[in-house]
Structures are given as structure tokens and as C-alpha cells.
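What follows is a single structure, written as C-alpha cells, with notes after it.
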Number of protein chains: 2
Amino acid sequence: MPVTLRDIAEKVGYSITTVSRALAGYDDVAEETRRLILQTAQEMGYHPNIPARQLQRRRTDTLGFVIATFGPRFSDPFLSELLAGIGNEAARHEFDLLVATHPPRSANELHAYRRLVRGRRVDGLIITRTRVHDERIAYLLEQKVPFATFGRSEVEGDFPWVDVDGEAGLVQVTRHLIQQGHRRIAIILPPADLMFSRFREAGFRRAMAESELPVQEAWVTWGDLTEQGGYQAARRLLDQHPAPTAIIAGNDVMAIGAIRAAREHGLTVGREIAIAGFDDIPMAEHTTPPLTTLRQPIYEIGRRLCRMLIALLRGETLEHPHVLLQPELVIRQSTVPEA
Amino acid sequence: MPVTLRDIAEKVGYSITTVSRALAGYDDVAEETRRLILQTAQEMGYHPNIPARQLQRRRTDTLGFVIATFGPRFSDPFLSELLAGIGNEAARHEFDLLVATHPPRSANELHAYRRLVRGRRVDGLIITRTRVHDERIAYLLEQKVPFATFGRSEVEGDFPWVDVDGEAGLVQVTRHLIQQGHRRIAIILPPADLMFSRFREAGFRRAMAESELPVQEAWVTWGDLTEQGGYQAARRLLDQHPAPTAIIAGNDVMAIGAIRAAREHGLTVGREIAIAGFDDIPMAEHTTPPLTTLRQPIYEIGRRLCRMLIALLRGETLEHPHVLLQPELVIRQSTVPEA
DNA sequence: ATTATATTCCAAAACGTTTTGGATGTCAAG
DNA sequence: CTTGACATCCAAAACGTTTTGGAATATAAT
């Protein structure tokens with residue numbers, strides 16, 4: 001039913017080849033012929049059949065992005081924003097985006113990657129939240145499928161990445177808290193198998209050491225990046241004696257959970273306890289009190305990763321294949337009591 | 001480089017046809033032959049080329065979902081959860097999901113749909129937040145592309161949908177507030193061009209009329225479903241004299257904004273002012289105070305829409321092509337002060 | 001022995017595109 | 001008049017799959 005090159009060819013009386021080449025803009029088509037073909041194609045409502053083109057060109061102009069959904073719920077603002085950045089940039093380059101979802105760290109996570117790669121559904125993929133010994137990266141390297149990651153990796157191999165300097169970030173925020181007079185500082189780290197958890201821990205320890213403050217090992221904890229996780233971890237921290245006077249959470253979502261825990265403990269956040277996050281999600285400036293956090297431009301990173309990957313696919317060599325951005329400390333009332 | 005049917009055929013000494021049919025499970029292949037072919041395919045690491053299959057089968061086993069991103073940011077928990085539901089269910093049926101993003105109500109919204117439809121990239125689409133005179137629906141009906149929607153529509157045409165009875169929901173929550181002793185009740189509706197805005201408004205008015213309470217027209221306002229939007233609308237409401245003692249927000253995200261506005265106004269939410277939302281996003285039970293809201297099972301609806309659409313694509317007739325779910329009133333401390 | 005019926009196989013066409021490697025015709029230069 | 005250069009066109013192959021419409025052989029029924 002849909003119009004094909006053959007239909008146009010028959011109508012205008014030229015070969016399929018010529019029609020194809022006219023539409024593709026080759027210069028071995030007479031100007032007048034081209035005009036006729038273009039107009040006819042327009043009139044007949046021609047649009048190329050993409051699967052056919054993909055088959056012939058042996059590429060799909062499609063990117064893959066696999067999202068981990070937490071249980072039945074996925075409302076991680078981090079992933080949403082990244083997705084928006086990737087998606088909007090992909091659209092700008094006329095690329096499509098194939099999204100696969102799956103429960104996190106499930107057996108079918110790799111299955112999702114294999115599906116996309118084996119079926120030649122995508123030309124490249126974007127990976128986020130790189131992990132220690134990341135099997136996704138290992139797989140894609142082994143399969144020689146182009147990809148770009150948000151986050152560094154210790155896996156050997158050459159691939160572009162963008163990352164935010166979590167170590168420097170944690171040095172900043174820890175120093176800030178120390179400057180505010182805090183000595184008993186706790187931290188709720190992201191899951192330890194995530195690469196950025198390591199960097200942030202290192203930054204925290206470095207800043208504490210620098211001020212010759214001891215790191216209470218009981219105050220170094222981990223949370224699963226959800227509100228619940230932050231809440232629970234913070235509760236455990238606040239139940240201790242002595243309790244910390246400041247908590248740094250691995251992301252804003254956990255920080256929001258920590259705020260709730262602190263409030264339940266009867267503490268005034270900002271005054272009796274300081275709480276800081278990481279990300280600067282839109283909600284961060286609207287919590288009560290507004291959240292001190294480290295801003296990372298997630299949306300922009302999504303766009304950038306997408307651009308890098310597409311450049312890679314086009315065979316261009318990247319000027320800066322590895323980008324390390326500095327997070328920006330945004331100080332709000334959750335660590336600095338109102339004047 | 002990748003293994004094709006031809007490679008297997010040459011290796012085992014049968015025709016491409018037989019290899020194809022053996023792998024597809026037809027019964028006109030000898031048992032022994034099939035075993036040989038299956039094993040060889042396995043050994044050689046065969047995986048079908050999906051674009052080739054799509055071309056031949058004239059279907060893609062792929063669904064499309066277009067997401068409106070708000071400005072550069074998209075962190076709408078509603079959309080995230082719906083996406084998770086759709087994505088996980090699609091994976092269960094071996095369907096892929098093509099996601100397109102675009103700024104809301106931009107000219108290229110329809111462009112995104114056209115792109116997916118014209119290029120025959122997808123077999124069907126899922127639409128959410130149906131609008132009055134929805135041009136997306138009109139377009140898909142005109143193109144005879146299967147789709148399913150979250151939300152009803154007044155556009156003529158037959159297509160499956162799932163919706164939540166917003167009118168009944170608003171009757172419930174309004175009654176609840178009236179029962180709590182509120183007389184001056186305001187509402188922040190979703191944008192008026194969204195179908196569900198109409199239903200909710202009707203429910204609100206019905207419940208008010210039923211108790212012979214006047215609806216202050218200045219207290220019927222609209223917000224853009226963001227935290228900011230809810231905050232601003234609530235501020236305007238609270239600046240009035242007399243101010244409402246209860247505010248019903250069009251979704252939880254706006255309710256969170258309203259809570260912030262109320263707090264800034266020096267009001268204790270739950271006690272001096274009641275605030276209710278709609279959706280019951282994960283964050284709702286973790287706000288301060290926890291939010292009274294109408295729960296709609298967004299994740300499940302995503303799955304259901306996906307199932308309906310796939311059934312439709314398979315030519316099955318749906319038992320219940322139109323599903324109207326009842327939202328569940330979840331009463332928390334934002335409307336009922338703590339004991 | 002012949003016919004009918006299964007069983008197992010496959011050549012070829014088709015899906016709609018892009019690309020290769022010329023073919024044809026025209027025109028200016030020699 | 002020939003040659004070469006250019007401009008314009010196209011037949012055919014290829015991408016990798018599925019499906020159609022039998023062919024070939026073996027087995028059972030007459």
C-alpha cells in the first residue's frame with residue numbers, strides 16, 4: 001500500500017536507480033529530472049521504508065539505551081533527565097532511540113543488551129552508572145559495538161566517556177561542612193559496585209584526612225539510591241551515639257529520604273543537622289529546607305554522550321573522547337541555617 | 001561478518017529454506033535434520049538479522065512511545081512509571097520499544113509521530129494524556145495505525161483505551177475534604193486541553209454542588225503539572241481573601257509545590273490547610289506531611305496498555321477494549337491532622 | 001503393480017532499498 | 001571525422017529473511 005521507489009519510477013518513467021539517486025541528491029541526475037522526481041515523490045507521499053534501508057546500508061541509525069527499573073517503579077529523576085538529553089539530541093541527528101527496560105541487576109539485563117546487539121537493532125549504545133568489572137562494557141567491547149558511557153571504568157578498552165569528578169565534588173562538600181563547624185560527618189554512599197561510589201568515598205576520606213578528622217567507619221554506609229534507601233540509612237545513622245551532625249547522601253533522592261528521617265528524629269534540618277545530596281535534580285531546590293547539593297548537568301551530559309557516540313559511528317575521531325566535568329557545589333539551607 | 005542463514009545452509013548442506021523452516025519450528029523438517037540445524041546454528045552463533053526480517057514480514061514487533069520533555073528537564077514520575085510499565089511488558093512479549101522525546105506541544109511532536117509511522121518503524125503506538133481534539137489521535141486514525149491510549153478522547157474512532165475515573169476520584173476527595181469540615185475548597189486543575197482535566201473539574205463541581213457549597217470561580221485554577229506550576233498556582237490562591245482552607249492539586253507533583261507555597265505562607269499543612277494530590281507517586285508518602293492523594297496504578301496501566309496494543313496487533317479481539325478504573329483515595333496527614 | 005498419501009526438501013520470488021559498473025548520447029577539441 | 005570528456009541514465013546484484021508452490025522419495029492402500 002505505501003508508495004515505493006518502484007511506484008515513483010513507473011509514474012515518472014525513469015528507473016528505480018535514478019529515482020533513488022535523485023532523492024539521495026547525487027549529481028548524476030539532470031536538474032529537470034530531479035525536480036520531476038522530487039515533486040512526484042512529494043505528491044505521491046513517498047517515505048522510504050526504513051527497515052529496507054537498514055538492511056541494505058547495514059546500519060540502523062538507531063541508538064540503544066537500557067534502563068534499570070527499580071522493582072515495579074522507576075521514577076529516578078537522574079535517568080529521566082539523561083533519557084531526555086539523549087533522546088532530544090538523537091532526534092536532532094535523525095537518530096532513533098531504542099529503549100529497553102528491565103529490573104536492575106537482573107539476569108536479563110545483559111539479555112537486553114544482547115538482544116539489541118545481536119539482532120543488529122542498533123548501531124551503538126549508551127551505558128550509564130558504570131560498575132566495577134562492568135560486564136556490559138566487557139560485552140560490548142568483545143562484540144566491538146560502539147558505545148559511550150556516563151562514568152569511567154577500570155575495564156581495559158578504548159571508548160568515549162563523560163564523567164563528573166565525584167572525588168573533587170566530595171572534597172568540596174565535605175570541606176564545606178567542616179567549614180560550617182561539623183566534625184561528625186557521615187556519608188551514605190551509592191552501591192559499592194558502582195564506579196562513582198568509589199570516587200566519592202575517596203573524596204570524602206581525602207577531605208576528612210586533610211582536616212585531620214577521623215572517619216568513623218560506622219558512619220560510612222551505603223544506600224540503593226532510592227528515597228527509601230536514604231531514609232533507612234539515615235535512620236540507622238541517627239540512632240547511633242554519638243550521632244553524626246552532618247550527612248552526605250549519594251544522590252538527591254536519598255538526601256530527601258535522609259531529610260525525612262532527620263525530621264522524624266525531631267531534628268531541624270539545616271540547624272541541628274546538615275544534609276547534602278548530589279545531582280541537583282529539579283526537586284532539590286524545592287525540598288524543605290532546600291537541599292545543598294553538587295550539581296551535575298545530567299541533561300547536557302546526555303546530549304554530549306549522544307553526540308560523541310554519533311560522531312564515533314560516523315567514523316570521526318573525537319577531539320575529547322574523555323571528558324571529566326567538575327560538579328558545582330550549590331549551597332542551600334539544608335546545610336546553612338537561614339540568616 | 002555475522003552468521004546468516006546461508007552460512008548455516010552451506011555448513012549443513014541443506015537449503016536456506018530448510019534452515020529457515022527448521023529454526024522457525026515448521027513440522028516439514030525431519031527431526032534429525034532439525035536437530036543438526038539447531039545445533040549448528042547455536043555453534044556458529046547465529047542470530048537473525050532483525051531489519052531483514054522486518055522487511056520481509058512487513059512488521060517490526062516494535063512499539064512507539066513519544067514522551068514530552070518539559071523544557072530541558074523531564075523528570076515526571078508519571079511518565080517514568082508509565083514507561084517502565086510499557087517497557088517491561090513489551091520485553092515480555094519480545095517487542096522492542098522505540099522512544100522519541102520532544103519539547104511539549106512543539107511543532108515536532110507530530111513530526112515525531114510521523115517519523116515513526118511513515119518509516120514503518122513501529123507497528124503501533126501508545127499515547128498518553130489525551131487531549132481535547134487530539135491531533136495525534138486524529139493522525140493515527142487517519143493513517144490507520146494501531147494504538148492505545150491512556151485517557152479517553154472525544155475524537156470519533158475505535159481504539160482501545162484505559163482511563164482512570166477522574167470524575168469519581170474528585171468526587172471522593174472533595175467529599176473527604178468537606179467531611180473534614182472544609183467549605184472553602186480550591187482546585188489546581190491540569191491544563192485545560194487535557195481530557196482528564198475536564199473530568200476532574202466535573203467531579204469537583206459535582207461534589208461541591210451535592211453539598212450545596214458554592215464554587216468560587218477564582219479558586220478554580222490551572223497548573224502545568226510541574227512543581228513550579230503547583231507552587232505558583234497555590235501562591236496565588238493563598239494570597240486571596242478569604243483564602244481557601246483546602247487545595248486539591250491536579251497531580252502529586254503540583255501538590256508538592258502547593259505544600260511548599262503553604263509552608264512559605266506560614267501555614268501548617270494538614271492542620272491549617274489541607275492539600276491533596278492525584279497519582280500517588282512513590283514520593284507521595286514521603287512528603288512532609290505525607291500526601292493525601294488518589295492512587296492510580298500507573299505502572300500496571302502501562303503494562304495493560306501494552307498488552308492491549310500487542311493483542312490488537314496480533315489480530316485478537318479485545319474482551320475489554322475500554323477500561324475505566326476507579327482511583328483509590330489514600331488518606332494521609334496532608335488532609336487529616338495527626339491524632 | 002498401481003495409486004494415493006505422507007514426509008522431507010528446495011528453487012525462486014518477494015520485501016524495498018542502495019550501489020556497482022557500465023551504457024548511451026552529446027559536444028568540443030583535435 | 002575521430003576522440004575524449006562529460007552528462008545522464010539504468011540493469012542487475014546485493015542486503016538476509018520468509019513464503020509459495022511444488023518436486024522427490026518413501027510408505028501404505030488397493
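Every chain is numbered from 1 and lettered A, B, ... according to where its sequence line falls, protein lines coming before strand lines.
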Problem set entry | Under-4.0 Å side-chain N/O to phosphate OP1/OP2 contact, B:R53 with D:dT18 | yes

For this session: Check whether any side-chain N or O of A:T17 sits under 4.0 Å from OP1 or OP2 of D:dC10, and answer yes or no.
Result: no

Exercise. What nucleotide, of C:dC9, D:dT20, D:dC9, holds the atom closest to the side chain of A:A30?
Worked result: D:dC9

Problem set entry | Polar contact flag, side-chain donor to acceptor under 3.5 angstrom, B:T101-B:T69 | no

Problem set entry | Separation of D:dT17 P from B:R57 CZ (nearest whole Å) | 11 Å

Exercise. For D:dC15, does OP1 or OP2 lie under 4.0 Å from any side-chain N or O of A:R58?
Worked result: no

Problem set entry | Whole-Å distance separating the CD atom of B:Q54 from the P atom of D:dG16 | 15 Å

For this session: Starting from P on D:dT17, measure out to CD1 on B:I8 and report it in whole angstrom.
Result: 8 Å

Problem set entry | Spacing of B:L5 atom CG relative to D:dT19 atom P, expressed in whole Å | 12 Å

Exercise. Quick one: does B:T60's side chain get under 4.5 Å of B:L98's, heavy atoms only?
Worked result: no

Problem set entry | Whole angstrom value for the distance that separates P of C:dC9 from CD of B:E31 | 11 Å

Exercise. Closest nucleotide of DNA chain C for A:S20 versus for B:R34: which of these residues is on the 5' side?
Worked result: B:R34

Problem set entry | Contact under 4.0 Å: A:T33 side-chain N or O vs D:dC9 OP1/OP2 | yes

For this session: Ignoring backbone atoms, test whether A:T4 places a side-chain nitrogen or oxygen under 4.0 Å from the OP1 or OP2 oxygen of C:dG16.
Result: no

Seminar exercise, completed: Checking D:dT18, C:dG16, C:dT17 against the side chain of B:L55 (C-beta onward), the nearest is C:dG16

Exercise. Any Lys/Arg nitrogen of A:E109 or A:R131 sitting under 4.0 Å from an Asp/Glu carboxylate oxygen of the other?
Worked result: yes

Problem set entry | Most 5' of B:Y14 and B:Q56 on DNA chain C, judged by nearest nucleotide | B:Y14

Problem set entry | Separation of atom CE in B:M44 from atom P in D:dG16, rounded to whole Å | 13 Å

Exercise. Could A:R59 and A:D123 be called an ion pair, given the rule that one side-chain N must be under 4.0 Å from one carboxylate O?
Worked result: no

For this session: Identify which nucleotide among D:dT18, D:dG16, C:dT18 has an atom closest to any side-chain atom of B:A52, counting heavy atoms from C-beta outward.
Result: D:dG16

Exercise. Quick one: do B:R35 and B:E32 make a salt bridge, cutoff under 4.0 Å?
Worked result: no

Exercise. How many Å lie between CG on B:D7 and P on D:dG16, as a whole number?
Worked result: 9 Å

Exercise. Rounded to the nearest Å, what distance is computed from the CZ atom of residue A:R6 to the P atom of nucleotide C:dT18?
Worked result: 15 Å

For this session: Say whether A:Y299 and A:N88, considering side chains only, have a donor N or O and an acceptor N or O under 3.5 Å apart.
Result: yes

Problem set entry | Minimum-distance nucleotide (side-chain atoms of A:Y26 versus C:dT19, C:dC10, D:dT17) | C:dT19

For this session: Give the nucleotide from the list C:dT17, C:dT20, D:dT19 with an atom nearest to the side chain of A:P48.
Result: C:dT17

For this session: Would you indicate what A:D28 reaches in the nucleic acid, counting non-hydrogen atoms under 4.0 angstrom: base, sugar-phosphate, or nothing?
Result: base

